[in-house]
Amino acid sequence: MSEEEKKLIDFDNINDLTVLWCIKESIYKIHGDRNLFFKEHIRLESVLNQGNDGLKVRIDHHHYHGVYVLKYEFLENYVLVYTDLDL
């Protein structure tokens, strides 16, 4: 987690930590590049728990640049992360 992201989430809230991991994992899987690192290249830009308008996530890598808006839902013991944009 970057220093900026540490200001955006509650470390005592397992749901916040789980969502952060899941959104970074989703971006990683979209690109499938082993040289894409969670802390260095994938950054959460919006605060969690501000409704379901989506979370803004920035990717900054020498091969990939952009901003994604991801949404999430808790389904029983799972977190579903998705986007309604065509990638």
Quick one: does His61's side chain have a donor or acceptor within less than 3.5 Å of a partner on Asn35's backbone?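 Pair found, side chain donor or acceptor close to backbone of Asn35.
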N/O donor-acceptor pair under 3.5 Å between Ser2 side chain and Lys39 backbone: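 No, Ser2 side chain to Lys39 backbone: no donor-acceptor pair under 3.5 Å.
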Could you give me the CA-CA distance, side-chain angles and deciding distance for Phe74 and Val19, then say whether side-chain contact (heavy atoms from CB on, under 4.5 Å) is met? CA-CA 9 Å; Phe74 288 94; Val19 169; 3.5 Å; yes
Considering all heavy atoms of both residues, which atom of [X] and which atom of [Y] are nearest to each other, and what is their separation?
| X | Y | answer |
| --- | --- | --- |
| Val69 | Thr83 | O-OG1, 3.0 Å |
| His63 | Asp33 | CD2-OD2, 4.3 Å |
| Ile42 | Val57 | CG2-CG1, 3.6 Å |
| Ile23 | Leu20 | CG1-O, 3.2 Å |

Run the numbers on Lys6 and Phe11 for side-chain contact (heavy atoms from CB on, under 4.5 Å), then give the verdict. CA-CA 8 Å; Lys6 289 178 182 179; Phe11 282 114; 3.4 Å; yes
Decide side-chain hydrogen bond (donor to acceptor under 3.5 Å, both in side chains) for His41 and Asp60; before the verdict, give the C-alpha distance in whole Å, the side-chain angles of both, and the deciding distance to 0.1 Å. CA-CA 5 Å; His41 302 120; Asp60 191 15; over 6 Å; no
Is there a side-chain hydrogen bond (donor to acceptor under 3.5 Å, both in side chains) between Tyr82 and Glu73 once you walk through the steps? CA-CA 9 Å; Tyr82 61 95; Glu73 294 180 33; 3.1 Å; yes
Going by side-chain contact (heavy atoms from CB on, under 4.5 Å), Tyr72 matches just one of Asn15, Leu80, Leu55, Thr18. Which one?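 When side-chain contact (heavy atoms from CB on, under 4.5 Å) is applied between Tyr72 and each of Asn15, Leu80, Leu55, Thr18, only Leu55 qualifies.
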Are Glu25 and Lys29 within salt-bridge range, i.e. N to O under 4.0 Å?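 Salt bridge: yes.
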Got a salt bridge between Lys24 and Glu5, using NZ or NE/NH1/NH2 to carboxylate O under 4.0 Å?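 Looking at Lys24 and Glu5, the cut-off is met.
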If you group Ile, Leu, Val, Met, Phe, Trp and Tyr by side-chain heavy-atom gaps below 4.5 Å, do Phe37 and Ile30 land in one group?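 No, Phe37 and Ile30 fall in different hydrophobic clusters.
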The test is side-chain contact (heavy atoms from CB on, under 4.5 Å); show your working for Glu4 and Leu44 and say whether it passes. CA-CA 8 Å; Glu4 291 302 314; Leu44 176 66; over 6 Å; no
Count the heavy atoms of every other residue, nucleotide or ligand shown that sit under 6.0 Å from OH of Tyr78, and state whether that count exceeds 12.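 At most 12 heavy atoms, drawn from other residues, nucleotides or ligands, come within 6.0 Å of this atom.
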Taking the inter-plane angle between the rings of His31 and Tyr64 on a 0 to 90° scale, is it parallel (under 30°), tilted (30 to 60°) or perpendicular (over 60°)?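 Tilted.
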Evaluation steps, side-chain contact (heavy atoms from CB on, under 4.5 Å), between Tyr28 and Arg34: CA-CA 8 Å; Tyr28 178 82; Arg34 291 183 181 202; 3.9 Å; yes
Leu36 CG to His62 NE2 distance, which is reported to the nearest 0.5 Å: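 Leu36 CG to His62 NE2: 10.0 Å, rounded to 0.5 Å.
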